[in-house]
Structures are given as structure tokens and as C-alpha cells.
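A, B, ... follow the sequence lines: proteins, then strands. Residue 1 opens every chain. None of the values given here were measured: they were computed from a predicted structure.
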Amino acid sequence: MSENKDFLRTIVEEDLKSGKYKEVVTRFPPEPNGFPHIGHAKSICINFGIAQDYHGHCNLRMDDTNPTTEDTKYVEALKDAVDWLGFEWDGNVRFTSDYFPKLYDYAVELIKMGKAYVDSLNEEEIREYRGTVTQTGKRSEYAMRSIEENLDLFLRMKKGEFQDGAHVLRAKIDMSAANMKMRDPLLYRIRHTHHYRAGDANIYPMYDFAHCLSDYIEGITHSICTLEFENNRDIYDWVLDTLRLTAPRPYQHEFARLGINYTVMSKRKLLELVNTGKVNGWDDPRMPTIAGYRRRGYTPESIINFCDQIGIAKANSTVDVSQLEFCIRDDLNTKVPRVMCVFNPLKVTIVNYVGSEDIDASYYPHDVPKEGSRKIPLSREIYIERDDFMENPPKDYFRLTPEQSVRLRHAYIITCKEVIKDANGNITEIKAEYYPESKSGSDTSGIQVKSAIQWVDMVAAKKIEVRVYDRLFKDEAPEGLEDINPDSLEIIKNALIEPAVVIDKPDERFQFERHGYFYADPIDSTDETPVFNKIVGLKDSWAKNQTTENRHNGERKTQIQKVHVDGEVVPMNKEEQALFDKYTSEFGLNSEVANTLARDKQLSSFYEESLSVLSSPIALANIIANEVAREFKQIQADKPKFNAKQISELVKMIDDEIISNKIAKQVFEEMAQTGENPTQIVEAKGLVQISDPSKILPIIDEVIAKNPDNVLKFRAGNTKLLGFFVGQVLKITEGKANPQVVNELVAEKLK
RNA sequence: UGGGGUGUCGCCAAGCGGUAAGGCACUGGUUUUUGGUACCAGUAUUCGGGGGUUCGAAUCCCUCUACCCCAUCCA
């Protein structure tokens with residue numbers, strides 16, 4: 001676990017510490033109506049990860065309350081995904097559909113409490129009655145039904161006596177709630193569709209009813225979901241609280257779902273890609289599905305690492321794909337054998353080479369601590385990559401040219417003697433010579449080359465198919481099919497690879513040196529025609545260099561400037577205006593503070609009351625408009641524990657210089673918590689401020705002695721470090737030192 | 001438009017009144033028989049804007065603004 005906890009772990013830790021729960025229990029609750037994608041992976045990592053970190057457990061639950069969309073093939077895919085990522089769910093896989101009988105009983109209980117009713121409005125009427133975000137709704141006339149009638153109707157709904165849509169069960173909450181979700185949410189609907197697991201249940205609970213109770217039934221403590229359920233939290237709490245279930249009960253917490261650029265994540269859009277044949281199924285290596293990444297060659301470790309790196313927060317965000325790419329490179333770098341493969345061959349005849357040999361070569365570079373090697377056959381005729389020869393190279397080109405030698409990786413240095421071209425002027429062959437004494441590992445030639453290139457022996461090389469994948473969309477934030485990248489798949493039918501890869505099969509994943517990481521396709525690859533998927537390329541500063549140079553010649557980035565428009569402030573009413581005028585002219589408050597007080601009835605009356613005790617209008621106004629305002633905001637409609645008189649008392653102590661502003665804030669917080677008198681708090685805690693330089697000076701010396709680097713930095717001109725020193729002194733004195741005095745003394749000392 | 005959220009470097013993201021963490025990306029340099037890796041160095045005088053409180057504000061208060069979610073018998 002990293003030292004910086006995310007907000008969820010912070011909550012979990014507090015709940016464990018406070019004894020709210022003995023053990024943390026989380027759950028991953030997908031609906032089995034689609035294939036899991038990397039967004040699910042994030043949720044899996046969060047839920048299972050938290051359970052792991054705090055020694056609790058995590059359930060896997062299929063949230064299968066909708067018979068029209070769900071299927072067992074998806075539950076298998078979901079189980080598979082969790083399993084592949086290496087997590088273990090607690091006990092058996094759970095199904096919300098298994099809880100249908102219990103959920104039914106809870107619903108009956110709500111009806112008996114008069115908190116739920118059978119509504120017989122049709123779909124359209126229900127929508128109308130709900131109102132809009134700005135208009136309140138109105139309750140259905142069916143809400144008047146008696147408990148007995150509701151019970152009877154609900155039972156008959158379950159028995160299948162009614163058509164789809166004839167009735168629904170609704171919670172009786174508040175048709176004028178500002179939160180639209182709370183306008184008598186639907187609890188059950190009739191659906192005569194066969195459920196893949198529950199058979200013909202006739203009625204199905206809605207998410208808002210089933211989810212919270214399923215969590216409760218399983219003893220979940222932290223119900224973690226994505227941001228779009230924030231509005232549903234009120235129902236979650238309402239159901240659990242209304243049923244007065246025995247503690248402890250779960251609480252819902254929301255985080256931002258994962259977005260990655262150059263791809264889409266919604267079920268609908270993913271399905272569209274599959275259905276229109278833009279990709280070859282759900283496991284197409286370009287898909288952001290778990291199956292896709294898996295087939296592409298991504299490792300579970302790399303995905304988990306990625307989820308760790310991106311963190312958990314509440315801000316909607318889109319992570320750069322390069323972060324994911326980094327994770328897979330980083331993982332494979334230390335794991336995978338390096339081999340040589342030529343995609344686009346150019347024949348090289350080494351004219352002075354006679355016979356053949358097998359070169360012994362390690363699978364791993366010097367900086368990867370792994371053992372293993374293979375034989376690479378070499379003879380007179382070989383292939384190199386077409387890109388690795390240039391007749392008229394740009395400067396900084398390190399590879400083979402008529403004037404520049406290169407090393408054949410693991411073998412000899414060669415030099416170009418002749419370039420053979422066809423009638424059209426295309427290069428068809430290079431005649432080269434090698435230096436016999438330059439063999440890799442025993443080089444006595446003394447020749448320096450800038451580069452080593454991959455190659456394969458013409459006769460010994462094996463043919464493979466290589467599928468080179470690029471991002472699926474050309475747009476960073478794709479809208480739909482129109483943004484698709486037409487070149488997201490390039491198939492190289494006749495790439496040539498050194499024979500050991502195909503014959504020995506030392507691994508499933510390889511680095512093809514200087515190309516990238518590749519994975520033997522688990523489905524299409526056969527011994528006759530091996531197929532390799534490109535997982536990710538290597539970082540390539542040469543290629544990058546080339547493209548950025550081109551870009552400089554071309555388009556210029558348009559700078560987007562943020563234009564800031566100020567909105568209009570709502571004008572004050574007459575009464576507020578009168579107060580404002582009085583505060584500014586009579587009491588001498590600045591307009592900002594006066595404004596804050598005048599516009600808030602609660603604050604202004606509190607202010608007036610405190611003024612009647614102590615006539616220190618500015619100091620009182622400041623603390624009330626800031627500290628007191630915050631407290632009122634936090635407790636909302638509750639009664640504050642402190643009163644105006646106590647605030648006056650507190651301000652008096654500041655005015656009399658008994659305490660500093662800093663201490664006052666500390667005292668105020670205590671007051672807000674306990675309602676104690678400020679003088680008592682100050683006495684009990686010994687919070688009287690220290691202004692005597694003879695007491696402060698030794699502490700300053702101590703701080704200076706402990707932080708020699710910062711003293712140097714300060715003297716070098718980093719003046720904001722003054723705050724650091726002051727802070728340290730205040731920390732040591734527990735806030736009691738008079739900050740103004742400390743400031744002066746520190747500045748003096750450091751000069 | 002009512003309610004609920006969120007704005008900290010190109011992209012993620014810590015931070016909760018006392019020196020603006022970290023990762024990716026980027027830019028130099030060193031090592032290198034992968035233009036890879038590793039290593040070193042550089043990269044936010046400033047936290048959506050404006051005011052206020054404070055000795056001191058990304059953090060507290062006021063206000064404006066942008067974006068996301070909610071009016072499915074989906075989850």
C-alpha cells in the first residue's frame with residue numbers, strides 16, 4: 001500500500017478505528033449484461049484491494065435484477081476477469097436473484113409500515129406525475145390504497161396475475177423532493193420475461209431496492225460504486241433506515257469511473273464496434289475489454305499496477321493511454337526474452353563469409369537478471385530490416401549506410417560494399433563484408449559502430465504472421481464510429497523470425513528487439529503459422545524525433561485561451577441592503593464581511609446579539625463571517641452548541657491580547673464541539689499566548705540549528721521559507737507563541 | 001432552470017492553516033552491442049476567476065464561473 005491513501009481507504013481506516021465495523025467487507029457487484037472492460041478492472045482492484053489491505057473480504061455478486069438483458073455467458077466472463085486478475089472472492093459467487101424471496105419479505109414489511117404502495121398509473125403517467133427538476137411532482141391517487149389492498153395486490157403481482165406494466169410497487173417518500181430520485185421511487189415492476197437464473201419470477205426488484213438490501217444481507221460494510229449513483233445514495237439510506245435493520249449496516253461511497261483517451265468505454269459503443277464488424281469480437285486485441293487486453297498480451301500485473309497508479313478520486317478524468325502502455329512495458333521489461341524478428345526484409349549478402357555457424361546468444365540483456373540463451377544460425381545470406389539501411393541518410397542516422405558500418409546484433413560488424421537496385425531504382429540487395437575479428441563477445445577489431453541491428457538467417461528463419469495494433473480511434477475523445485482509426489490493424493503476413501522462437505517456444509511473450517513486445521495469439525497461432533500480437537511498442541526516441549520534426553514543419557498548435565466572464569451577483573433585498581449600509585458606515589466593516597453578514601439572516605442576528613455583549617464590531621464581524629459561518633454551514637439546521645455571548649468572550653480575549661488569533665481558532669473549534677466557555681478552555685489547556693522574546697528565542701535557535709539547509713535556502717533568497725520557520729516554532733510551542741513576535745524574531749535571526 | 005458533485009503542471013494525483021508529494025508524458029545528460037532499460041538532472045512563485053479573514057491561505061469565509069450526474073417500469 002502506498003503511503004498516500006486514497007479517500008476510500010481513509011474512510012475504511014477511520015471506520016475500523018472507530019469500531020464501527022470489526023472487519024471490512026466489500027463487494028464487486030456487476031450486472032451480467034456485458035463483457036467486463038478495464039473500468040471493471042478498476043472497480044475490482046478497488047474492492048478486492050481494499051479488502052486485502054485491511055484483512056477483510058470481498059464478495060463477487062451478480063446484480064441480476066433485470067431479466068431482459070442478462071445472461072450466464074456474462075457471469076462466466078465476469079468470474080473469469082476477476083480470476084485472471086488474481087483476486088479471490090469470498091465463498092461462492094453471489095446473485096441478487098438468490099435474494100428475491102428475502103427482498104420480497106422486506107417489501108411486504110415496507111407495505112405494512114405504510115411506506116410502500118402499489119401504483120397503477122401507466123408508465124407515461126408516472127413520468128408526468130414525477131414533475132421536473134424545477135417543478136415538484138404530485139402523488140398518485142393510488143397511494144391512498146389501504147395496507148390490506150396493497151398487500152393483496154403485491155401478492156397477486158408476484159403470482160403473475162397482471163400484465164407487464166399494470167402495477168408497480170413504489171416507496172412512499174416525497175413527490176416534491178429536490179432529489180428527483182426520491183420522488184416515490186419504483187421498488188418492483190412486473191416483467192413476464194424468463195430470467196436466466198430465477199426462471200419466471202413475474203416481479204423484479206429495482207436496483208435502488210435490491211442493491212442496498214443485498215449489501216445488507218451479505219454484511220457489506222463499504223458499498224463502493226461510481227459517481228453517477230450519488231443521487232441514489234439517499235434511497236439507499238432511506239430503505240435501510242426505514243426498515244430499521246440491526247446495525248451495522250453498509251454505507252455507500254462513490255468514486256469517478258475510469259476514462260482512457262483514444263478509446264470508448266460504454267457498453268453501448270463497445271457493442272456497436274462488435275456488431276458493425278469494426279473489430280473482431282469482444283476479445284479483439286484493440287478492445288478495452290479484459291478479454292481484449294488479455295488476448296493482446298497484457299499481463300494481470302500490468303493492469304493492477306495501472307489501476308494503482310491512476311489512483312481513486314471523485315474528479316471526472318481521462319487517463320492518458322501512455323500510462324497504461326508504460327505499465328505493460330515496465331512489467332514485461334524484466335520478464336520477457338529478447339529475440340530478433342525482421343518485418344520488412346532486405347537481403348544482405350556477406351560476400352566474404354564462408355560456411356555457417358550457430359551463435360550462442362542470451363535471451364536477456366545485461367540488465368535483466370535472468371538466465372537463458374539460444375543458438376542463432378548465421379550464414380552468408382541474411383535479412384535485415386529495410387529501415388536499417390539508407391543510401392542518403394539524414395544526420396543522426398546510426399544504422400547501415402554506404403559509409404557507416406553497423407553491428408549485426410549478437411554477431412559481427414558489417415560494412416556496405418555495394419547497393420543492388422532493380423530497374424525502378426528500388427534497392428533489392430546489399431553486398432556487404434564482415435570483420436571476422438569483430439564477433440560479439442570477443443571483438444578485437446577495435447571498430448566503433450553507433451548501432452546494432454536485428455537480422456535473421458535467410459534459410460534458417462521462420463515465417464510468422466505479425467499483427468500490429470494501433471489505437472482504435474484517431475480522436476482523443478472519440479464520439480463514435482466516425483472517429484475510428486482506419487489503420488488500427490496492420491497485418492504482416494511474412495515476417496521472419498529466428499528459429500528458436502518457433503521451435504523451442506521459450507515463452508509466450510517476447511520482446512522483438514527494437515520493435516516492441518509481442519504475444520503469441522492464444523487462438524489463431526499454430527505451429528504451422530505462428531501469429532504474434534503486438535502488445536506495445538518500445539519507446540522510440542528516434543521515431544519520435546522524426547515525427548516531431550515533421551510536425552514542426554506543418555501545423556502549428558492553436559492556443560486555446562480561457563476567457564473568463566463574470567456573472568451577475570443577485571442584488572440584495574431592502575432589508576439586507578439596510579443592514580449592509582449600517583455595517584459598513586456605522587461599524588466600519590469592509591464590504592465583503594458586511595455583505596456576508598447582511599445576506600445571511602442567521603449570521604446577522606447572531607452578530608447583533610454578540611455586539612450587545614461586547615462592542616468590538618470589526619473583530620466580531622470577522623470571526624462570525626468566517627469561523628462561525630463555517631460551523632453553521634456544517635451543522636446545517638441543527639442548533640449550534642455555542643452562543644453569541646461565548647463568541648464575545650472569545651473575541652474579548654483576543655482584544656486583550658491574552659490569546660492570538662491562531663489560538664482563538666483552536667478554542668473556537670473546541671467550543672463548537674463541546675459548548676464549553678472559551679475562558680474555561682483557555683485555562684484548562686493553558687492556551688495563553690507566549691509573547692516574551694526570551695522564551696521564544698531559544699526555540700528559534702533550536703529550529704535554526706535543526707534546519708541548516710533551509711537556512712541556506714532562505715539566505716539565498718527563498719523568502720517564503722520564513723513561514724516554514726514560523727510554523728516550526730509554533731508547532732513546538734503548540735501554537736502558543738505569539739506569531740507576530742515570532743515572525744519578527746525569526747526575520748531578525750535569519751538576516 | 002431545482003438538487004447533487006467536481007475544478008491542483010500536457011494527463012492522472014497527494015495535500016485538510018506553516019517549504020506545492022509522487023507517477024505518466026516531456027527536455028537535457030550518463031551508462032548501454034536494443035535510438036530499449038537503468039541512473040542523474042530539469043520542468044506549477046502557484047492551486048478555475050475575483051474578493052475577504054489571518055503574522056501566514058491550495059486549505060477557512062463570500063461570490064462568480066466551467067464541467068459532470070439526476071426527470072428509464074436500466075443498473
Colleague: Please pick, from A75(B), C70(B), C12(B), the nucleotide with the shortest atom-to-atom distance to any side-chain atom of V133(A).
Modeller: C70(B)
Colleague: Of Q454(A), H410(A), R409(A), which meets side chain to side chain donor-acceptor pair (under 3.5 Å) against E513(A)?
Modeller: R409(A)
Colleague: Within the structure, does a side-chain N or O atom of K720(A) lie under 4.0 Å from either OP1 or OP2 of A20(B)?
Modeller: yes
Colleague: Nearest to the K662(A) side chain among U34(B), G18(B), C26(B), which nucleotide is it?
Modeller: G18(B)
Colleague: What distance, rounded to whole Å, do you find between the two C1' atoms, one in U43(B) and one in U27(B)?
Modeller: 8 Å
Colleague: Starting at atom CG of D208(A), determine the distance to atom P of C74(B), rounded to an integer number of angstrom.
Modeller: 12 Å
Colleague: Quick check: any donor-acceptor pair below 3.5 Å linking the side-chain of R409(A) to the base of U34(B)?
Modeller: no
Colleague: Between atom OH in Y517(A) and atom P in U37(B), what is the gap in whole Å?
Modeller: 8 Å
Colleague: Indicate, with a heavy-atom threshold strictly under 4.0 Å, whether V726(A) touches base, sugar-phosphate, or nothing.
Modeller: base
Colleague: Measure up the F518(A) and F512(A) rings against each other and bin them: parallel (under 30°), tilted (30 to 60°), perpendicular (over 60°).
Modeller: parallel
Colleague: Between G3(B) and U63(B), how far apart are the two P atoms, rounded to whole Å?
Modeller: 13 Å
Colleague: Given G52(B), is OP1 or OP2 found less than 4.0 Å from the side-chain N or O atoms of N622(A)?
Modeller: no
Colleague: State whether the aromatic ring of Y207(A) stacks on the base of A75(B), taking stacking to mean ring centres under 5.5 Å apart and ring planes under 30° to each other.
Modeller: no
Colleague: Of all the nucleotides listed (C70(B), G56(B), U19(B)), which has the minimum atom distance to the side chain of L721(A)?
Modeller: U19(B)
Colleague: Taking the side chain as every heavy atom from C-beta outward, state whether F306(A) and L258(A) have any atom pair closer than 4.5 Å.
Modeller: yes
Colleague: Checking all strands, does E123(A) fall into the base, sugar-phosphate, or nothing category for heavy-atom contacts under 4.0 angstrom?
Modeller: base
Colleague: Compare the minimum distances between each of C62(B), G5(B), U37(B) and the side chain of R233(A), then state the nucleotide with the smallest one.
Modeller: G5(B)
Colleague: Using a heavy-atom cut-off of under 4.0 Å over every strand shown, decide if E31(A) touches base, sugar-phosphate, or nothing.
Modeller: sugar-phosphate
Colleague: Spell out yes or no: do the side chain of N231(A) and the base of G3(B) have one donor N/O and one acceptor N/O closer than 3.5 Å?
Modeller: yes
Colleague: Without decimals, in angstroms, what is the distance between N4(A) CG and A21(B) P?
Modeller: 12 Å
Colleague: Without decimals, in angstroms, what is the distance between Q602(A) CD and C61(B) C1'?
Modeller: 15 Å
Colleague: In whole angstroms, how far is the P atom of G23(B) from the CD1 atom of I312(A)?
Modeller: 19 Å
Colleague: Using only heavy-atom distances, decide whether a donor-acceptor pair under 3.5 angstrom links the side-chain of R399(A) to the base of G35(B).
Modeller: yes
Colleague: Please determine, for the side chain of D566(A), which listed nucleotide (G49(B), G52(B), A75(B)) has the closest atom?
Modeller: G49(B)
Colleague: Looking at the side chain of D330(A), which of A38(B), U32(B), A75(B) is the nearest nucleotide?
Modeller: A38(B)
Colleague: Rounded to whole angstroms, how far apart are CG on N661(A) and P on C60(B)?
Modeller: 18 Å
Colleague: Any donor-acceptor pair under 3.5 Å between the side chain of K665(A) and the base of G17(B)?
Modeller: yes
Colleague: Base of U8(B) relative to its sugar, syn (within 90° of 0) or anti?
Modeller: anti
Colleague: Determine the interplanar angle of the F28(A) and H40(A) rings, folded into 0 to 90°, and report it as parallel if under 30°, tilted if 30 to 60°, perpendicular if over 60°.
Modeller: perpendicular
Colleague: For S591(A) and for N333(A), locate the closest nucleotide of RNA chain B by heavy-atom distance; then report the residue assigned to the nucleotide nearer the 5' terminus.
Modeller: N333(A)
Colleague: Could you tell me the separation between the CZ atom of F255(A) and the C1' atom of A13(B), rounded to a whole number of Å?
Modeller: 16 Å
Colleague: Taking the minimum atom-to-atom distance to the side chain of K539(A), which one of U34(B), C55(B), U37(B) wins?
Modeller: U37(B)
Colleague: Of the nucleotides C55(B), A71(B), A75(B), which one has an atom closest to the side chain of T132(A)?
Modeller: A71(B)
Colleague: Counting heavy atoms from C-beta on, name the nucleotide in U54(B), C12(B), C61(B) closest to the side chain of S317(A).
Modeller: C12(B)
Colleague: When rounded to the nearest Å, what value does the distance between P atoms of C12(B) and A58(B) take?
Modeller: 22 Å
Colleague: Starting the side chain at C-beta, find the nucleotide from C62(B), G35(B), U53(B) nearest to F398(A).
Modeller: G35(B)
Colleague: Is there a stack between F724(A) and G18(B), judged by ring centres under 5.5 Å and planes under 30°?
Modeller: no
Colleague: In the strands shown, is U27(B) matched to any nucleotide by a Watson-Crick or G-U wobble pair with both distances under 3.5 Å, and which?
Modeller: A41(B)
